[in-house]
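Quick note: numbers below take in every heavy atom, side chains included, and nothing from hydrogens, waters or symmetry partners.
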Amino acid sequence: MATNNTTEQSLTKKVWNMAGVLAAAGVGFTDYITQLTYLLFLKMDAENEELFGESAIPKGYQWKDLNAVDGHELIKQYEETLGVLREQPNLIGTIFTKASNKIEAPVHLRKVITMIDEEQWLIMDGDVKGAIYESILEKNGQDKKSGAGQYFTPRPLIQAMVDCINPQMGETVCDPACGTGGFLLAAYDYMKGQSASKEKRDFLRDKALHGVDNTPLVVTLASMNLYLHGVGTDRSPIVCEDSLEKEPSTLVDVILANPPFGTRPAGSVDINRQDFYVETKNNQLNFLQHMMLMLKIGGRAAVVLPDNVLFEAGAGETIRKRLLQDFNLHTILRLPTGIFYAQGVKANVLFFSKGQPTKEIWFYDYRTDIKHTLATNKLERHHLDDFVSCYNNRVETYDAENNPQGRWRKYPVDEIIARDKTSLDITWIKQGGEVDDHSLAELMADIKDKSQTISAAVVELEKLLANIDED
């Protein structure tokens, strides 16, 4: 095990050092990680050919063909290789989705190739390979310039959600906004030791997991992330499409997700779903509707959603009422700020199952007087131990007289329905008035985030006023 740790640390350091070299030459971390992914796949294919005598890559575009040339010929060969591989079917086509070269200087491309060539990747334990790649993805998530943080959910939160949902081998698990694949990977890790049956293990590796994302770069990273852990070695479980464009083709047992916050990206197709409960432009409400519809009867979900989903009027209230009527929305975990790479995000995890109406909702307040920052008090799995314990035991820690600050409290559904707009935005703990220990940079980022939201609202208002004036 010590050898694995050493390999992991030394290789991660090597990969990061190369990132520094390329950054100085103007190649951003996100571009670097995609090129690393393409080259790493080619190298592992070459190792596979050495061991088993077969390559999945077309002749003339393999690792040895890249290694045989230098200078501008190397750039030309690499670009031709990417062009051929992005047209391939199955796993190769998915990993090379819309692949293009971002390392223009031959000397820098040669450095990355040499670094990869110095190691034997295929024989390396899957957990080690995966851990190296995960650490690179996390580093990329921290890069504020790239905006990659929106694709990266804190792993301790993912692990706690998976522990609560308890996916079982033989079940299907979907993330319709999968980012770099963190939820699917955590579900796989949770299930892989549950049975020794070859049939069940094959199902888990090849058919149980399904992820969707509409960003080609992210589909590449997620596919490679799973592949390095031994998942989807022939066909990637990730597809590049917009989940919200059409009705789900298959229903699933488990949904684990953190759909993108904010409005739909510019250029997205307008949503015209006949199966939706209500029409709205709110991205999170649309994802919530989509996930409600794609669960099997008896299926269960854990979804990260922003505060506005809990209280927004109109479409929000319609969807909440449907959630209480046709689903058992049994648990809401209220999250603190400072745990996501996007600053100032106020979010919650909604846990629900399909087929039975809600009778009571259990709330866990992990927000009031909780201070996390990415720099000084990063969220770790043990911080959520009490929540997971409460989730499993269902014994209130709140008591009006003896423990009014108890974080775990249940509300009968009748009380929720009687609230204005059926609001689920509930807090009962009095704040302790602690000093806010957020850094100046974090406070500035929070202000910037709020000002962008206000600016977007002003633009929408101006459009509405212009339409009124025209009428």
Side-chain angles (χ1 to χ4, degrees), residues 156-157 159-167 254-258 284-285 288 291-292 295 297-313 316-337 339 346-370 379 381-432:
L157 176 59
Q159 286 159 1
M161 289 166 66
V162 170
D163 287 345
C164 291
I165 283 290
N166 185 27
V254 172
I255 293 174
L256 292 155
N258 177 10
Q284 296 84 42
L285 288 175
L288 178 54
M291 290 183 278
M292 289 160 72
L295 268 186
I297 297 294
R300 54 208 190 281
V303 188
V304 180
L305 291 163
D307 274 15
N308 66 57
V309 169
L310 301 186
F311 58 74
E312 189 163 302
E317 183 177 6
T318 303
I319 293 165
R320 285 193 297 278
K321 283 184 170 170
R322 185 59 75 106
L323 194 55
L324 298 177
Q325 175 188 309
D326 297 343
F327 297 78
N328 181 12
L329 175 61
H330 52 79
T331 310
I332 296 178
L333 168 63
R334 311 224 58 182
L335 295 169
T337 56
I339 65 170
K346 287 187 174 177
N348 314 268
V349 185
L350 273 60
F351 294 85
F352 56 91
S353 57
K354 188 170 188 172
Q356 296 287 331
T358 304
K359 290 183 178 155
E360 60 190 22
I361 304 177
W362 291 77
F363 286 81
Y364 191 97
D365 183 344
Y366 190 66
R367 178 180 297 177
T368 308
D369 288 342
I370 300 289
L379 181 72
R381 176 59 187 80
H382 68 84
H383 290 127
L384 295 168
D385 280 352
D386 186 58
F387 163 67
V388 175
S389 174
C390 287
Y391 181 97
N392 290 322
N393 296 324
R394 303 277 151 177
V395 177
E396 275 188 298
T397 61
Y398 166 84
D399 183 289
E401 289 185 17
N402 301 315
N403 190 21
Q405 298 293 93
R407 295 193 178 275
W408 182 235
R409 181 178 183 180
K410 70 178 173 184
Y411 284 82
V413 74
D414 295 348
E415 279 188 37
I416 303 290
I417 291 169
R419 289 169 59 85
D420 184 37
K421 303 184 189 69
T422 321
S423 172
L424 299 167
D425 187 21
I426 295 174
T427 306
W428 62 92
I429 299 176
K430 286 192 172 73
Q431 282 190 299

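In this structure, the separation between CG on Asn348 and OH on Tyr366 is 14.5 Å, given to the nearest 0.5 Å. Interatomic distance, CD1 of Ile370 versus CD1 of Ile339, reported as 11.0 Å (0.5 Å rounding). Separating the CD1 atom in Ile332 from the CD1 atom in Ile361 is a distance of 5.0 Å, to the nearest 0.5 Å. For the atom pair CG of Leu424 and CG of Leu310, the computed distance is 5.5 Å after rounding to the nearest 0.5 Å. Going from atom CG of Leu335 over to atom CZ of Arg367 covers 7.0 Å, rounded to the nearest 0.5 Å. Rounding to the nearest 0.5 Å places CG of Leu323 at 4.5 Å from CE of Met292.
Within a 6.0 Å sphere centred on CD of Gln356, heavy atoms belonging to other residues, nucleotides or ligands number 12 at most.
Between the side chains of Tyr391 and Asp163, no donor-acceptor pair of N or O atoms lies under 3.5 Å. With 3.5 Å as the limit, one finds a donor-acceptor pair spanning the side chains of Asn393 and Ser389.
Two residues are said to be in side-chain contact when any heavy atoms from C-beta on lie closer than 4.5 Å; Leu295 and Phe352 meet this criterion. For the pair Asn403 and Gln405, the minimum side-chain heavy-atom distance is below 4.5 Å. With contacts defined as side-chain heavy-atom distances shorter than 4.5 Å, the pair Lys359/Asn328 does not qualify.
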Worked check of side-chain contact (heavy atoms from CB on, under 4.5 Å) between His330 and Phe351 = CA-CA 6 Å; His330 52 79; Phe351 294 85; 3.4 Å; yes

Salt bridge (Lys or Arg N to Asp or Glu O under 4.0 Å) between Lys321 and Glu317, worked out | CA-CA 6 Å; Lys321 283 184 170 170; Glu317 183 177 6; 3.3 Å; yes

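Ring pair Trp428/Phe363 is perpendicular by interplanar angle, where above 60° counts as perpendicular and below 30° as parallel.
Between the Arg407 side chain and the Ile429 main chain, no donor and acceptor come within less than 3.5 Å of each other. The main-chain N or O of Thr422 is found under 3.5 Å from a side-chain atom of Arg320 such that the two form a donor-acceptor pair.
Checking each of Thr331, Asp386, Thr397 against Tyr364 for a side chain to side chain donor-acceptor pair (under 3.5 Å) leaves exactly one that passes, namely Asp386.
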